[in-house]
Every structure is written in structure tokens, then in C-alpha cells.
Colleague: 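Before anything else, here's the structure in question.
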Amino acid sequence: GTKTHAKPYADEIALEWRDYFEKGRARLTEEMLTVVICDRFGWTWHEYQDQPQLFLNEITAMLRAESKARIAADKKAARGI
């Protein structure tokens, strides 16, 4: 039968990480977002798991807002404003 993949292929994930590091933005999977949050806050996987979901949602919203602001600033700079 045909195999279906629920998650992106490894090379697609590698491209998203490249975009994240080179451009400051990417379409992160939930797992990738977890890695970013743990890295940013110096948490282990277990410390991440111990956080209330509402708190993690707020962190995710903050990271998205930061990314949007960075993209807007980059566009502004590219236009020479």
C-alpha cells in the first residue's frame, strides 16, 4: 500500500530550521516550537512539560508577535524607511 506521513519529511524540517535561523521565521511544527521555547527559556523537556498549557500558549503568542514584528521591520528596512 501507499505510505502516508503525518509529519513533514526530515529534509522539509531541515529547510524550516534553515529559514528560522537565516530569516528569523519558519513554519515550525509543534515539536520544533517546543525546542525553540526550551532553548529560549533554558528549560529541559520535563520543565517544559511542567508548565501550564495557558502559559505555553502565551509564550507561543509572544514568539509569533516577535516574529511578525521582525518581518515588518525587515520589510521596512528593505524599502529604506
Side-chain angles (χ1 to χ4, degrees):
T2 305
K3 290 184 180 181
T4 58
H5 298 278
K7 299 198 182 257
Y9 294 104
D11 56 341
E12 291 173 353
I13 291 172
L15 289 174
E16 293 300 338
W17 279 122
R18 187 194 71 200
D19 283 349
Y20 177 77
F21 287 111
E22 289 180 2
K23 301 175 186 173
R25 64 178 190 265
R27 287 189 206 138
L28 301 180
T29 64
E30 188 172 331
E31 292 84 1
M32 293 168 78
L33 182 59
T34 299
V35 170
V36 170
I37 292 171
C38 286
D39 181 64
R40 175 96 174 249
F41 290 89
W43 292 342
T44 64
W45 169 253
H46 295 290
E47 289 169 322
Y48 174 86
Q49 290 292 331
D50 288 342
Q51 304 307 312
Q53 188 59 50
L54 182 61
F55 183 58
L56 295 174
N57 292 347
E58 291 300 322
I59 290 171
T60 300
M62 177 192 72
L63 293 174
R64 285 192 177 123
E66 286 177 349
S67 178
K68 286 180 182 181
R70 187 171 37 251
I71 290 166
D74 290 347
K75 286 180 180 179
K76 207 175 202 183
R79 290 191 309 257
I81 298 173

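These numbers were taken from a predicted model, which means no experiment stands behind them.
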Colleague: Considering residues at least two apart in sequence or located in another chain, which fulfil the side-chain contact (heavy atoms from CB on, under 4.5 Å) criterion with Val36?
Modeller: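 Partners of Val36 under the side-chain contact (heavy atoms from CB on, under 4.5 Å) test: Trp17, Tyr20, Leu28, Leu63.
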
Colleague: I need the full list of ring pair (Phe, Tyr, Trp, His ring centres under 6.0 Å) pairs touching residues 48-81, with sequence neighbours left out, sorted by first then second residue.
Modeller: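 Found Trp45-Tyr48.
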
Colleague: If the condition is side-chain contact (heavy atoms from CB on, under 4.5 Å), which residues does Gln53 pass it with, not counting sequence neighbours?
Modeller: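 Testing Gln53 for side-chain contact (heavy atoms from CB on, under 4.5 Å), a comparison that skips the adjacent residues, returns Leu56, Asn57.
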
Colleague: Could you go through the side chain to side chain contact (heavy atoms under 4.5 Å, CB included) check for Thr29 and Thr34 one step at a time?
Modeller: CA-CA 9 Å; Thr29 64; Thr34 299; over 6 Å; no

Colleague: Among residues two or more places apart or on two chains, list those pairs meeting salt bridge (charged side-chain N to carboxylate O under 4.0 Å, His left out) that have a residue in residues 47-65.
Modeller: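 Every candidate salt bridge (charged side-chain N to carboxylate O under 4.0 Å, His left out) pair involving residues 47-65 fails, so no pair, neighbours aside, qualifies.
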
Colleague: Inspect the surroundings of CD in Gln49 and state if more than 12 heavy atoms from other residues, nucleotides or ligands are less than 6.0 Å away.
Modeller: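 Correct, the count exceeds 12.
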
Colleague: Scan residues 33-42 for pairs that pass salt bridge (charged side-chain N to carboxylate O under 4.0 Å, His left out), counting only residues two or more places apart or in two chains.
Modeller: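 Checked against salt bridge (charged side-chain N to carboxylate O under 4.0 Å, His left out) - neighbours excluded - the pairs reaching residues 33-42 are Arg40-Glu66.
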
